[in-house]
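Just so you know, ligand 1 is whichever comes first in the structure, and atom 1 is the first atom listed for that ligand.
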Amino acid sequence: MAKKNKILILNGPNLNLLGKRQPEIYGRLTLEEIGREIRSLAKRLSVEVEIRQSNNEGELVDWIQQAPAQFGAIVINPAAYTHSSVAMRDAIIAAGIPAIEIHISNIYKREDFRKHSYIAGVAVGQITGFGVQSYLLGLRAAVEMLMGPVSC
Ligand code: DQA
């Protein structure tokens, strides 16, 4: 049974390079440092988070498929797979737990190919363009959806 107070944070390809990858677009924090901010907010909101990253589409699909056994919701930055992965979209539908799509950059202000998301149509909603805050807003959205309004 999905634990309502446990949220899976998934990161797609190249997000392991955060900190040194195009810092003018993605900022200077590493995924590890972003993880610390996410964990600190999760503690304040009294929820558990598990943060994973993969460069492999199949591994991400496996994690999405397995998520309902352990998690109440998924916050996902699908990275480049946003714009290509029917497999991840199908996995989210099959998982049947709420997924919130997030992006560090505003995908609608960038190249045309980034303006289409295969994930958006099956996500509860999308948060895009708030830098690291996108992760924290995504976590808040997931927690509010699962547990009601939060006060911090
Ligand atoms: C991204 C935006 C994607 O277009 C890109 O491929 C990424 C990161 C973001 O967080 O802004 O890798 O998902």
Check your understanding: What atoms of ligand 1 come within less than 4.0 Å of a heavy atom belonging to A80?
Key -> 6 (O), 12 (O)
Practice item. Do me a favour and list the nearest non-hydrogen protein atom to atom 11 (O) of ligand 1 with residue, atom name and distance? Key: S105 OG, 2.6 Å
Exercise for review: Give a yes or no on whether the backbone of G12 and the side-chain of Y81 come within a donor-acceptor separation of less than 3.5 Å.
Suggested key: no
Exercise for review: Could you say whether the N/O atoms of R114 and ligand 1 ever approach to under 3.5 Å?
Suggested key: yes
Revision key, fill the gap. among protein heavy atoms, the one nearest atom 4 (O) of ligand 1 is H83 NE2, 2.7 Å
Review point. Considering only heavy atoms, does I102 approach ligand 1 within less than 4.0 Å through its side chain, its backbone, both, or neither?
Key: neither
Exercise for review: Compare N11, I104, I107 and give the one whose heavy atom is closest to atom 2 (C) of ligand 1.
Suggested key: I107
Check your understanding: Would you say R21 contacts ligand 1, with heavy atoms under 4.0 Å as the rule?
Key -> yes
Exercise for review: Before giving the answer on salt bridge (Lys or Arg N to Asp or Glu O under 4.0 Å), spell out for R39 and E37 the whole-Å C-alpha distance, their side-chain angles and the decisive distance to 0.1 Å.
Suggested key: CA-CA 5 Å; R39 281 192 203 89; E37 294 206 21; over 6 Å; no
Exercise for review: Examine I93 and L60 and state if one hydrophobic cluster contains both, with Ile, Leu, Val, Met, Phe, Trp and Tyr joined whenever side-chain heavy atoms are less than 4.5 Å apart.
Suggested key: yes
Review point. Below 4.0 Å from any atom of ligand 1, is there a heavy atom belonging to N14?
Key: no
Exercise for review: Of the side chain and backbone of H103, name the one, both, or neither that has a heavy atom under 4.0 Å from an atom of ligand 1.
Suggested key: both
**Study point:** Donor-acceptor pair between S117 and E101 side chains, under 3.5 angstrom
**Key:** yes
**Study point:** Criterion side-chain contact (heavy atoms from CB on, under 4.5 Å) on I119 and M88, from CA distance to verdict
**Key:** CA-CA 7 Å; I119 308 301; M88 280 172 61; 4.0 Å; yes
Exercise for review: Identify the heavy atoms of A142 and I7 that sit nearest to each other, and give their distance.
Suggested key: CB-CD1, 4.0 Å
Review point. Counting only heavy atoms not in R28, do more than 12 fall under 6.0 Å of its CZ?
Key: no
